[in-house]
Amino acid sequence: MSYLKNHNNQLHGFHIVDPSPWPFFSAFSALFTFFGGVLYMHGYAGNFILFFSLLTLIFIASFWWRDVVREATFEGQHTFVVIQGLRLGVLLFILSEIMFFFAFFWAFFHSSFNPSPFIGGVWPPIYISVLDPWRIPLLNTILL
């Protein structure tokens with residue numbers, strides 16, 4: 001039975017994560033980023049809060065990923081089972097994004113091909129000004 005143990009004397013291939021301060025700090029940094037953005041958009045002095053909290057969020061993300069890389073490479077915590085779980089997590093995230101965009105465009109095409117009587121039965125609704133698709137939207141597409 002000793003061949004099943006990894007170097008942490010565990011009988012399974014999963015990685016038990018050590019306690020980390022980064023989720024707590026990143027949550028507060030995201031909260032202050034939100035506050036700074038709201039203050040900036042309402043014309044208050046939120047520039048410093050927004051800039052400092054975004055900078056703090058970037059530093060926290062770099063330190064967090066530093067810890068993940070250290071666990072994977074130097075400590076050898078990422079076994080085959082853990083790597084398979086990470087791959088599955090990324091795959092499920094990509095699939096959820098595909099389903100989100102499918103639902104978003106489904107709602108758009110449903111509203112445009114079958115306009116509701118509450119908006120006058122026309123698409124786009126009467127009092128919405130439409131952008132010329134060959135100017136700003138085309139420029140945004142080219143930039144992306």
Side-chain angles (χ1 to χ4, degrees), residues 1-116 118-119 123-144:
M1 197 71 156
S2 65
Y3 64 91
L4 291 177
K5 292 183 181 180
N6 61 10
H7 72 280
N8 289 332
N9 294 325
Q10 296 174 346
L11 294 176
H12 53 77
F14 299 102
H15 171 51
I16 307 299
V17 181
D18 295 329
S20 174
W22 305 128
F24 180 75
F25 290 140
S26 64
F28 271 104
S29 181
L31 177 69
F32 281 105
T33 301
F34 174 74
F35 285 154
V38 168
L39 289 174
Y40 175 72
M41 289 180 206
H42 285 282
Y44 296 105
N47 296 351
F48 176 74
I49 297 172
L50 179 63
F51 176 73
F52 184 72
S53 61
L54 280 174
L55 192 65
T56 306
L57 198 58
I58 290 169
F59 281 127
I60 289 170
S62 66
F63 290 141
W64 198 344
W65 279 108
R66 180 203 59 184
D67 289 349
V68 170
V69 169
R70 183 178 53 218
E71 289 170 353
T73 56
F74 299 124
E75 295 177 8
Q77 298 285 348
H78 289 188
T79 61
F80 180 74
V81 176
V82 174
I83 292 172
Q84 291 297 100
L86 291 171
R87 286 183 184 160
L88 181 64
V90 169
L91 177 68
L92 289 174
F93 173 74
I94 292 171
L95 287 176
S96 70
E97 291 296 312
I98 290 171
M99 289 186 284
F100 169 74
F101 283 109
F102 182 76
F104 179 75
F105 285 112
W106 182 283
F108 172 75
F109 287 131
H110 175 74
S111 296
S112 62
F113 292 145
N114 188 15
S116 172
F118 296 112
I119 60 171
W123 186 261
I126 297 170
Y127 294 108
I128 293 181
S129 62
V130 180
L131 294 174
D132 182 20
W134 300 109
R135 293 189 180 187
I136 294 176
L138 180 64
L139 176 66
N140 288 338
T141 303
I142 290 170
L143 289 176
L144 286 176

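None of these values were measured; they are calculated from a predicted model.
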Within this structure, what is the CG-CG distance for the pair Leu55 and Leu50, rounded to the nearest 0.5 Å? 11.0 Å
Ile136, CD1 atom: more than 12 neighbouring heavy atoms under 6.0 Å: no
Could you tell me which non-hydrogen atom of Ser53 sits nearest to which non-hydrogen atom of Ser29, and how far apart they are? O-OG, 2.9 Å
Drop me the distance from Glu97's CD to Phe104's CZ, to the nearest 0.5 angstrom. 12.5 Å
If you look at every heavy atom in Val130 and Pro124, which pair is closest and at what distance? CG2-CG, 3.3 Å
Could you measure the distance from the NE2 atom of His78 to the CD atom of Gln84? Nearest 0.5 Å is fine. 13.5 Å
Measure the acute angle between the ring planes of Phe59 and Phe63, then classify it against the limits of 30° and 60° as parallel, tilted or perpendicular. parallel
Drop me the distance from Ile83's CD1 to Leu88's CG, to the nearest 0.5 angstrom. 13.5 Å
Of the non-hydrogen atoms in Phe32 and Ile49, which two are nearest, and what is the gap between them? O-CG2, 3.6 Å
Can you find a pair of side-chain heavy atoms, one from Leu86 and one from Val90, that are under 4.5 Å apart? no
Measure the spacing between OG1 of Thr33 and CZ of Phe51 and express it to the nearest 0.5 Å. 11.5 Å
Trp22 and Ser20: which non-hydrogen atoms are nearest, and at how many Å? CD1-OG, 3.1 Å
Answer yes if the ring centres of Phe24 and Phe28 are under 6.0 angstrom apart, and no otherwise. yes
Does the side chain of Ser26 reach to within under 4.5 Å of the side chain of Leu57, using non-hydrogen atoms? yes
If you apply the rule side-chain contact (heavy atoms from CB on, under 4.5 Å), what do you find for Val68 with Trp65, and how did you get there? CA-CA 5 Å; Val68 170; Trp65 279 108; 3.9 Å; yes
Asn47 and Tyr40: which non-hydrogen atoms are nearest, and at how many Å? OD1-CD1, 2.5 Å
